[in-house]
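All values below come from the heavy atoms of this structure, side chains included, with hydrogens, waters and symmetry mates left out. Predicted model only: the values in this text are computed from it and were never measured.
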Amino acid sequence: MMVDLDPSGQVTQKEPDRSQRQYLNYAFYKLDAAFRRLPRPEQTEMKAELQAAVEGWTDAPAERGLIVRTYSTVGMRAEADFMLWRIAFELGDFQEAQARINRTRMGGYLTQPRNYISMQKRSQYVNRIEGSGHGLELLPGQGRYLFVYPFVKTRAWYDLSPHARQGMMDEHIYASGPFKGVRLNTSYSYGIDDQEFIVAFDSEYPQEFVDLVGRLRYTEASLYTLSDTPMYTCLKKELAGILSDLS
């Protein structure tokens with residue numbers, strides 16, 4: 001496939017794409033310390049109620065495509081204790097998921113310091129590479145670790161020619177090539193959240209991810225990064241284990 005010379009669609013007046021896509025929700029939660037001062041039996045009951053609410057959300061017909069992966073951030077971020085990575089074909093499903101939590105007693109002790117919404121679609125820079133693995137269907141939670149952060153490009157990036165952007169992304173992809181133990185999940189937030197992208201790297205090897213990010217700092221495309229924080233290191237864990245760590 002050749003470089004797309006009109007990615008904005010302003011010249012060719014490309015028709016809008018209304019095909020069904022997956023929405024992604026990265027929901028971070030913080031537990032109020034007051035919960036830890038409750039009697040232990042009461043804590044246990046409330047944890048069980050919350051676990052049932054979170055896990056019960058996926059008890060739905062398969063065509064709804066509801067997926068949830070659970071991650072702990074205890075000891076890794078001060079402002080968040082755990083993260084729910086939810087995937088659905090309808091935004092309303094995320095509302096239902098949160099409403100289930102809100103109706104639990106433990107939900108009254110939870111706040112959300114961060115909550116990101118994005119949409120999956122094929123990248124214009126990599127879908128021309130056979131076997132790139134950047135398809136329209138996600139395989140979430142393959143690695144023990146998930147590294148998540150919002151991402152915004154500078155306005156100058158969009159003023160570059162398509163050939164210039166593609167050349168920089170080719171360098172970016174080439175530099176990433178040796179890091180086979182890191183799987184990239186990029187999703188798009190244009191117009192539906194504050195950032196432009198949510199980037200999530202799935203891996204078993206934090207050291208490989210650190211080296212990958214360090215190497216990408218030397219690529220030309222990195223000059224056009226406006227912001228890429230906060231960065232969250234998330235450890236995949238069953239919800240029962242996460243709740244046990246909280247109190």
(request) Determine whether more than 12 heavy atoms belonging to other residues, nucleotides or ligands lie under 6.0 Å from atom CD of Glu204. (result) yes

(message) Would you say that more than 12 heavy atoms from the other residues, nucleotides or ligands in this model lie under 6.0 Å from the CD of Gln207, or not?
(response) yes

(message) With rounding to the nearest 0.5 angstrom, report the CZ to CD1 distance, Arg69 to Ile67.
(response) 6.0 Å

(request) Decide yes or no for Phe151 and Ile198: does some side-chain heavy atom of the first lie under 4.5 Å from some side-chain heavy atom of the second? (result) no

(message) Do Thr111 and Tyr29 have side chains that approach each other closer than 4.5 Å (heavy atoms only, starting at C-beta)?
(response) no

(message) Please determine whether a side-chain nitrogen of the Lys or Arg among Lys237 and Asp245 lies less than 4.0 Å from a carboxylate oxygen of the Asp or Glu.
(response) yes

(message) What I'd like to find out is whether the side chain of Ile87 reaches to under 4.5 Å of the side chain of Leu66, using heavy atoms alone.
(response) no

(request) List the atom of Met168, the atom of Glu220, and the distance in Å for their closest heavy-atom pair. (result) CE-OE2, 3.6 Å

(message) With a 4.5 Å cut-off on side-chain heavy atoms, are Met119 and Ser187 touching?
(response) no

(message) Using modelled atom types and a 3.5 Å cut-off, is there a donor and acceptor pairing between side-chain atoms of Ser244 and backbone atoms of Ala240?
(response) no

(request) Look up atom CG in Asn25 and atom CZ in Arg86, then write down how far apart they are to the nearest 0.5 Å. (result) 4.5 Å

(message) Determine whether Gln98 and Trp57 satisfy the following criterion, side-chain contact (heavy atoms from CB on, under 4.5 Å), listing intermediate values before the conclusion.
(response) CA-CA 9 Å; Gln98 185 58 42; Trp57 178 67; over 6 Å; no

(message) To the nearest 0.5 Å, what is the distance between CG on Leu223 and NZ on Lys153?
(response) 9.5 Å

(message) Please give me the minimum heavy-atom distance between Gln120 and Leu24, naming the atom from each residue.
(response) N-CD1, 3.8 Å

(message) Taking the ring of Phe201 and the ring of Phe147, is the distance between their centroids below 6.0 Å?
(response) no

(message) Looking at Asp202 and Leu146, would you say the former's side chain and the latter's main chain have a donor-acceptor pair under 3.5 Å?
(response) no

(message) Ignoring hydrogens, what is the shortest heavy-atom contact between Thr225 and Thr154? Give both atom names and the distance.
(response) C-CG2, 4.0 Å

(request) Please say whether the positively charged group of Lys121, taken as NZ for Lys or CZ for Arg, lies over the ring of Tyr188, i.e. under 6.0 angstrom from the six-membered ring centre and within 45 degrees of the axis. (result) yes

(request) Would you give the length of the straight line joining atom CZ of Arg37 to atom OG of Ser247, rounded to the nearest 0.5 angstrom? (result) 12.0 Å

(request) May I ask you to test the Pro150-Ser189 pair for a side-chain heavy-atom distance under 4.5 Å? (result) no

(request) On the 0 to 90° scale, with breaks at 30° and 60°, tag the Tyr23-Phe94 ring pair as parallel, tilted or perpendicular. (result) perpendicular

(message) With heavy-atom distances below 4.5 Å as the criterion, would you say the side chains of Met76 and Leu235 are in contact?
(response) yes

(request) Carefully, step by step, assess Arg114 and Tyr26 under the rule side-chain contact (heavy atoms from CB on, under 4.5 Å). (result) CA-CA 8 Å; Arg114 302 282 177 181; Tyr26 298 88; over 6 Å; no

(request) Hey, could you give me the CE/OG1 distance between Met83 and Thr73, rounded to the nearest 0.5 Å? (result) 8.5 Å

(message) For a quick test of reading the model, state the closest non-hydrogen atom pair linking Gln13 to Gln10 and the distance between them.
(response) NE2-O, 3.5 Å

(message) Is the distance between the ring centroids of Tyr145 and Tyr205 under 6.0 Å?
(response) no

(request) Quick one: closest heavy-atom pair of Ala175 and Phe179, and the distance? (result) O-CE1, 3.6 Å

(message) Counting only heavy atoms from other residues, nucleotides and ligands, does the tally under 6.0 Å from CD of Glu96 exceed 12?
(response) yes

(message) Test your reading of the model: is there a side-chain donor-acceptor pair from Ser203 to the backbone of Gly181, 3.5 Å cut-off?
(response) yes

(request) Run the numbers on Tyr224 and Arg155 for side-chain contact (heavy atoms from CB on, under 4.5 Å), then give the verdict. (result) CA-CA 8 Å; Tyr224 295 91; Arg155 291 294 176 144; over 6 Å; no

(message) Let me confirm one number: the CD-CG distance from Glu45 to Leu50, rounded to the nearest 0.5 Å.
(response) 14.0 Å

(message) Strictly distance-based, threshold 3.5 Å: is any side-chain N or O of Gln51 a donor or acceptor partner for the main-chain N or O of Met46?
(response) no

(message) If we ignore hydrogens and angles and just use 3.5 Å, is the side chain of Lys30 paired with the main-chain N or O of Ala78 as donor and acceptor?
(response) yes

(message) When you group the ILVMFWY residues by side-chain heavy-atom contacts below 4.5 Å and let the links chain together, are Leu216 and Leu160 in the same group?
(response) yes

(request) For residues Phe28 and Tyr232, establish whether the separation of their ring centroids is below 6.0 Å. (result) yes

(message) Could you check whether Glu42 pairs with Arg105 (Lys NZ or Arg NE/NH1/NH2 to Asp/Glu carboxylate O, under 4.0 Å)?
(response) no

(request) Using modelled atom types only, decide if a donor and an acceptor are shared between the side chain of Asp32 and the backbone of Ala34 within a distance under 3.5 Å. (result) yes

(message) Tell me whether Ser176 contacts the main-chain N or O of His172 through its side chain, where contact means a donor paired with an acceptor under 3.5 Å.
(response) yes

(message) Test of understanding: clusters of I, L, V, M, F, W, Y form through side-chain heavy atoms closer than 4.5 Å, transitively. Do Tyr109 and Leu246 belong to the same one?
(response) yes

(message) Checking the side chain of Gln112 only, and the main-chain atoms of Ala27 only, is there a donor and an acceptor separated by less than 3.5 Å?
(response) no

(message) So that I can tick it off, tell me whether Asp228 and Arg217 are bridged by a salt bridge, with the cut-off set at under 4.0 angstrom between side-chain N and carboxylate O.
(response) yes

(message) Quick check on side chain to side chain contact (heavy atoms under 4.5 Å, CB included): which of Leu31, Thr70, Val74, Ile242 does Phe82 satisfy it with?
(response) Ile242

(message) When you compare the side chain of Val54 with that of Ile101, does any pair of heavy atoms fall below 4.5 Å?
(response) yes

(message) Is any side-chain heavy atom of Tyr218 closer than 4.5 Å to one of Glu171?
(response) no

(message) Taking Arg21 first and then Asp17, would you say they form a salt bridge - that is, a charged N and a carboxylate O separated by under 4.0 Å?
(response) yes

(message) I'd like to know if Leu212 and Tyr149 are part of one continuous hydrophobic network [Ile/Leu/Val/Met/Phe/Trp/Tyr, side-chain heavy atoms within less than 4.5 Å].
(response) yes

(request) Run the salt-bridge test on Lys14 and Asp4 with the 4.0 Å N-O cut-off and return the result as yes or no. (result) yes

(request) Examine distances only and state if a side-chain atom of Arg77 and a backbone atom of Thr233 form a donor-acceptor pair shorter than 3.5 Å. (result) no

(request) Flag yes if Val152 and Phe197 sit in one hydrophobic cluster, no otherwise; membership is Ile, Leu, Val, Met, Phe, Trp, Tyr, and two members link when side-chain heavy atoms are under 4.5 Å apart. (result) no

(request) Consider only side-chain heavy atoms of I, L, V, M, F, W and Y, link residues closer than 4.5 Å, and tell whether Val68 and Phe89 are in one cluster. (result) no

(request) Considering non-hydrogen atoms only, spot the tightest contact between Ser222 and Thr219 and give its length. (result) OG-O, 2.7 Å

(message) Quick test of your reading of the model: are Asp93 and Arg64 salt-bridged, counting only N-O distances below 4.0 Å?
(response) yes

